[in-house]
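One structure coming up, written as structure tokens, with questions to follow.
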Protein chains: 2
Amino acid sequence: MRTTALPTLALTIGDPAGIGPEISLRAALEPDVRAACHLVLVGDRIVMEETARRLGRSLEGVEVLDTACLDAVPPFAQASRAGGEASYAAITRAIDESIAGRFQGVVTAPINKLSLKLAGIDFPGHTEIFGERTGAPHFAMMMYSERLAVGLVTCHQSLASVPGSLTVERIAEVGRLLSEAVRRIRGHQPRLAVLGLNPHAGESGLFGDEESRVVIPAIDLLRAEGYQADGPLPPDTAFSPGALSRFDAHLCLYHDQGLIPFKMISFEDGVNVTMGLPFVRTSVDHGTAFDIAGKGVANIGSLKEAIFLAAKLAV
Amino acid sequence: MRTTALPTLALTIGDPAGIGPEISLRAALEPDVRAACHLVLVGDRIVMEETARRLGRSLEGVEVLDTACLDAVPPFAQASRAGGEASYAAITRAIDESIAGRFQGVVTAPINKLSLKLAGIDFPGHTEIFGERTGAPHFAMMMYSERLAVGLVTCHQSLASVPGSLTVERIAEVGRLLSEAVRRIRGHQPRLAVLGLNPHAGESGLFGDEESRVVIPAIDLLRAEGYQADGPLPPDTAFSPGALSRFDAHLCLYHDQGLIPFKMISFEDGVNVTMGLPFVRTSVDHGTAFDIAGKGVANIGSLKEAIFLAAKLAV
């Protein structure tokens, strides 16, 4: 007999023209998902009803929080204003209900940026919507898989703007968030690899001074606070097999420094985690896959990983 | 009966305190190396004599071009001014003799930057020494293995200085050098993947404008000249299994954009190629390995790959 209550998680169904609704329903019906959490699908009920009909499955026993945004189910594989509005309505509803305490976490199925744009909603991605709407003062993105965890000090911004965005406090802040998140997942104090910004981590100041000016002071600060942090590591060898086994997580200074290696190592099963929000938020690491939308063939592995990770982080 | 003359290659023995001399001798004695080229070791003869003695091998049949820089063989595993001077003397001698026509190519064993510095020689690496001493107007570094080839538009400089260093002409120039080098190795016109600078290749200008301002015009220029170039690719998915099979070489805009994935894919057998010199130059992709120097246990695989690639590019 279980004595611990399962966490209640929202699953936003994503753009109705993509694979979001079908993978959401299929995941919600999986026995291991049901054993891990109480899942509530957030989106338009008419989309979920149509999805169930197409898949030959039943919505019985699947809780749907109807955002009732759409008049009709949009066609597959087309970005649209209606799809963008529906996607955004589900996300904001899930956020608001989480803040109100109904959900301990939100898992998001893929949205389409063009649909969002057509709906007049201008965010580079989910992460920024969550950051703004929750008013979280400090948040950051982590990509997680069993084999690699990367935390990003900067994310969706030009490479030219990265060096100027790096401060001791921001690097330390993301280091804390990453360390706390990975500790909750792995059950022990993680060893963080902190990367340098420049080739060879600056080669003692020969190629840039950010290592001595901001990275090393941030590492010192993290250590003084009791975190395990090493670096700055030369980026090009930080993901060698030896380094991967020596560290539990990599603190990366910009988007591609973390995501190039992450997508090479965990192309299929990565989970996107927003750290620093008042509740847990995870996401699949793939897009709307318009090319196979509606066919019921999309892989639900990444979404299931995102649900399991949210459940683990929520308790 | 062979009718083609083998290329004559110089092999600089590297820092005498590291594994350079021993791997140079062991490679020079390998039958497949002897079948691929006529190899001349360039460095201090007294170092090679001592190396042969320690390994229990003979220098007979191994041509040594004595740079006669040292009075005594320096101890292992210590950076030193003498070691730096000897390393540099071998490199400059190999370059000068190549310009004079004695060698068709130069292969370099690892040097130690601290030794070079102690000797008052201030270069970030071999590549820059070759560039300056040959007076080559345009040169660039390629990392090559059977599985991945990356050309670097910028290399040993701070990340902050990268965006300002990118011009249409420089990107196109390295694209040409990369395409020509890979064509000579693979025997067909290679398909180049040209990477964007920013996350998601700028997301249509949302995160930086370098893609539209310099990368796309460079791709257009390369195509107009008959090269096969695609892009700008979002960097984080440019090294997925699908992308790796679709392209023969990746044109990367900065050091770690190319070297993070390269060292993940080809940690053991990468070859460093300097493109754009008046002669071929390749190098091992590892350092002096002071921890195992003198023990005769260092792996000679990378050096042999460097020699074979130089021989292939030289003919």
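Naming: A, B, ... by sequence-line order, numbering from 1 per chain.
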Heavy-atom proximity to chain B below 4.5 Å, by part of A:Glu210:
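Only the side chain of A:Glu210 comes within 4.5 Å of chain B.
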Hey, is CD on B:Glu169 packed in by over 12 heavy atoms from elsewhere, all under 6.0 Å?
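Correct, the count exceeds 12.
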How about A:His156 and B:His200: do any of their side-chain heavy atoms sit closer than 4.5 Å?
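Yes - at least one pair of side-chain heavy atoms lies under 4.5 Å apart.
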Please determine which of B:His255, B:Met143, B:Gln257 meets the side chain to side chain contact (heavy atoms under 4.5 Å, CB included) test together with A:Asp236.
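By the side chain to side chain contact (heavy atoms under 4.5 Å, CB included) criterion, A:Asp236 pairs with just one of B:His255, B:Met143, B:Gln257: B:His255.
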Can you confirm whether more than 12 heavy atoms, excluding those of B:Arg81, are under 6.0 Å from its CZ atom?
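Not more than 12 within 6.0 Å, no.
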Could you tell me which portion of A:Phe239 (side chain, backbone, both or neither) has an atom closer than 4.5 angstrom to a non-hydrogen atom of chain B?
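A:Phe239 touches chain B through backbone and side-chain heavy atoms alike.
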For A:Lys263 and B:Thr237, which heavy atoms make the closest approach, and how far apart are they?
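Smallest heavy-atom distance, with atoms named: CD-CG2, 3.9 Å.
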Decide yes or no for B:Pro261 and A:Met264: does some side-chain heavy atom of the first lie under 4.5 Å from some side-chain heavy atom of the second?
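Yes, their side chains come closer than 4.5 Å.
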Is it the backbone or the side chain of A:Phe262 that comes under 4.5 Å from a heavy atom of chain B, or both, or neither?
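The answer is neither part of A:Phe262.
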Mind ranking B:Gly202, B:Pro235, B:Cys155 by heavy-atom pairs under 4.5 Å with chain A and telling me who comes out on top?
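Most heavy-atom pairs within the cutoff with chain A belong to B:Pro235.
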Are any of the side-chain heavy atoms of B:Gln157 and A:Phe207 separated by less than 4.5 Å?
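Of all side-chain heavy-atom pairs linking A:Phe207 with B:Gln157, none is under 4.5 Å.
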Does A:Asn198 reach the main-chain N or O of B:Leu159 with its side chain, forming a donor-acceptor pair under 3.5 Å?
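Here the side-chain-to-backbone pair exists.
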Under 4.5 Å from any heavy atom of chain B - which part of A:Glu203:
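Interface part for A:Glu203: side chain.
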Side chain, backbone, both or neither: which part of B:Pro163 has a heavy atom under 4.5 Å from chain A?
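The side chain, not the backbone.
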Separation between CG of B:Asp256 and SG of A:Cys252, rounded to the nearest 0.5 Å:
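One finds 10.5 Å between CG of B:Asp256 and SG of A:Cys252.
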